[in-house]
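What follows is a single structure, written as structure tokens, with notes after it.
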Number of protein chains: 2
Amino acid sequence: MTKNTTKAGKRDKLVEAAVALAYRQGYRKTTLADIAEESGVPLGNVYYYFKTKDAIGDAILEVRESQWAALRDRLAALPGPRERLTDYVDMTIRNASNVATYGCPMGSLSAELLKGGGDLATRSNALFAGPIDYMAEQFRALGHAAEAEDLALHLQSALQGASLMAQSFRDPDVLKREGDRLKVWIAGL
Amino acid sequence: MTKNTTKAGKRDKLVEAAVALAYRQGYRKTTLADIAEESGVPLGNVYYYFKTKDAIGDAILEVRESQWAALRDRLAALPGPRERLTDYVDMTIRNASNVATYGCPMGSLSAELLKGGGDLATRSNALFAGPIDYMAEQFRALGHAAEAEDLALHLQSALQGASLMAQSFRDPDVLKREGDRLKVWIAGL
DNA sequence: GTCTATACGGCGATAGAC
DNA sequence: GTCTATCGCCGTATAGAC
């Protein structure tokens, strides 16, 4: 148990550094030396925890997925589906400043991995699949069973587009405006 | 003149290859050797036309901008603003198959360069500025002067989000559905 | 202007002492 | 489990003959 805790401690530091650096400068640009330095772990020791760089990419995806799981649990505590949908939008708006600088944590990672090809590209669609499935559930609860999947896709799509525009123009307000539009849309459904 | 034509011939081949490769596999992943091979130009000779790799990135941006200029001229030939807006959406839909595989030619490039940092990141927002300005003009002509910029941003944003979703799920139909939604929206304005 | 050969640095990955 | 040293490759860029 002590051994596992220690091991998880260093591994976690590495993953945390990898997530942060990949978000700020991109996965491909981030070197193992960067990750080692940021996490205070000697370069050679990284390979005890991860056999390849792609294994770190996998761990990054896991973190992003677990972050969604945590958010989903928080949304579940809200009174109804409309509140959950609205809060999902609000969460993105609250993060607008980061998004305008580095892009959407899910979207920018997904876009990069998709271009990279390989196993990580294939796995990356799980990032959107989770939220979309959950949002479709909420639309169903709102009585839009037939078009629930479409509505959920539209919501995620709109947030991604707005995030890219906000990043491109380096203007958080762009994301806020599109977010407000989405909240009006949700309120009217 | 002959000299210029010859020079432009090889330069054009290099740029064409660079645009295609950067679209298919990403700018960063594309090496000068890749570009040299694809265009049939020896590696060492590339540096006669481009001092650095970033200079090629610049040329790629120029190509994308000139492609927008060509599209804008074609849209100008249409009878009215509503037709221009609708056709812009249709153009993306027509390219759905490529978008689902490689992403939006503008969006995926923009996203990658934005993460890369440096001069190319700064320059990349020109990709969206052109279309958005033009679309805002069309919305103004439709009598939405006050919110024209907002509407144009929304249109571009929606297309970008839909493109990313289509790429992520490798499904052109996703883009078609969101495109249809946008066309209905335009028709109702 | 063109092309071959190569320098130079950086990155992923490994060896092996401790 | 940890860490230093280093290998081997690849990518950008340059030298210099033609």
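Order of the sequence lines fixes the chain letters, A, B, ..., with proteins taken first and strands second; residue numbering starts at 1 for each chain.
- In the region residues 114-123 of chain B, proximity to DNA chain C at under 4.0 angstrom, judged on heavy atoms, holds for none of the residues.
- Distances shown here put every side-chain N or O of B/Tyr48 at or beyond 4.0 Å from the OP1 or OP2 atom of C/dT2.
- Between the side chains of B/Glu83 and B/Tyr88, not a single donor N or O lies within less than 3.5 Å of an accepting N or O.
- Side-chain contact between A/Phe139 and A/Leu85 is present, with heavy atoms from C-beta onward closer than 4.5 Å.
- Distance CD1 (B/Ile35) to C1' (D/dA13): 14 Å, rounded to an integer number of Å.
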Write down the protein N/O and nucleotide N/O pairs, taken from nucleotides 15-18 of chain D, whose separation is under 3.5 Å; answer none if there are no such pairs.
none

Nucleotide N/O of nucleotides 9-12 of chain D paired with protein N/O under 3.5 Å:
{"from": "D/dT12", "atom 1": "OP1", "to": "B/Lys53", "atom 2": "NZ", "distance (Å)": "3.3"}
{"from": "D/dT12", "atom 1": "OP2", "to": "B/Leu32", "atom 2": "N", "distance (Å)": "2.9"}

Side-chain atoms of residues 104-114 of chain B: list all donor-acceptor pairs with protein atoms under 3.5 Å, sequence neighbours left out, distances to 0.1 Å.
{"from": "B/Ser108", "atom 1": "OG", "to": "A/Lys115", "atom 2": "NZ", "distance (Å)": "3.1"}
{"from": "B/Ser108", "atom 1": "OG", "to": "B/Cys104", "atom 2": "O", "distance (Å)": "2.7"}
{"from": "B/Glu112", "atom 1": "OE1", "to": "B/Tyr27", "atom 2": "N", "distance (Å)": "2.8"}
{"from": "B/Glu112", "atom 1": "OE2", "to": "B/Tyr27", "atom 2": "N", "distance (Å)": "3.0"}
{"from": "B/Glu112", "atom 1": "OE2", "to": "B/Arg28", "atom 2": "N", "distance (Å)": "2.8"}

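- Remark: B/Asp34 does not engage B/Lys29 in a salt bridge, criterion side-chain N to carboxylate O under 4.0 Å.
- Residue pairs that meet the side-chain hydrogen bond (donor to acceptor under 3.5 Å, both in side chains) test with at least one member in residues 67-81 of chain B, sequence neighbours left out, are B/Arg64-B/Gln67.
- Under the 4.0 Å criterion applied to side-chain N and carboxylate O atoms, A/Lys13 and A/Glu16 are not assigned as salt-bridge partners.
- For the pair A/Leu164/B/Ser157, no side-chain contact is recorded, criterion being any heavy-atom separation below 4.5 Å from C-beta on.
- Screening residues 135-154 of chain B for salt bridge (Lys or Arg N to Asp or Glu O under 4.0 Å) gives A/Arg177-B/Asp150, B/Arg140-B/Glu149 as the qualifying pairs, with residues at least two apart or on separate chains.
- We find that A/Arg82 and A/Asp87 are not joined by a salt bridge, their nearest charged nitrogen and carboxylate oxygen being 4.0 Å or further apart.
- One can place CD1 of A/Ile56 at 13 Å from C1' of C/dC11, the figure rounded to the nearest angstrom.
- For the pair A/Leu14 CG and D/dC3 C1', the interatomic distance rounds to 13 Å; values are reported in whole Å.
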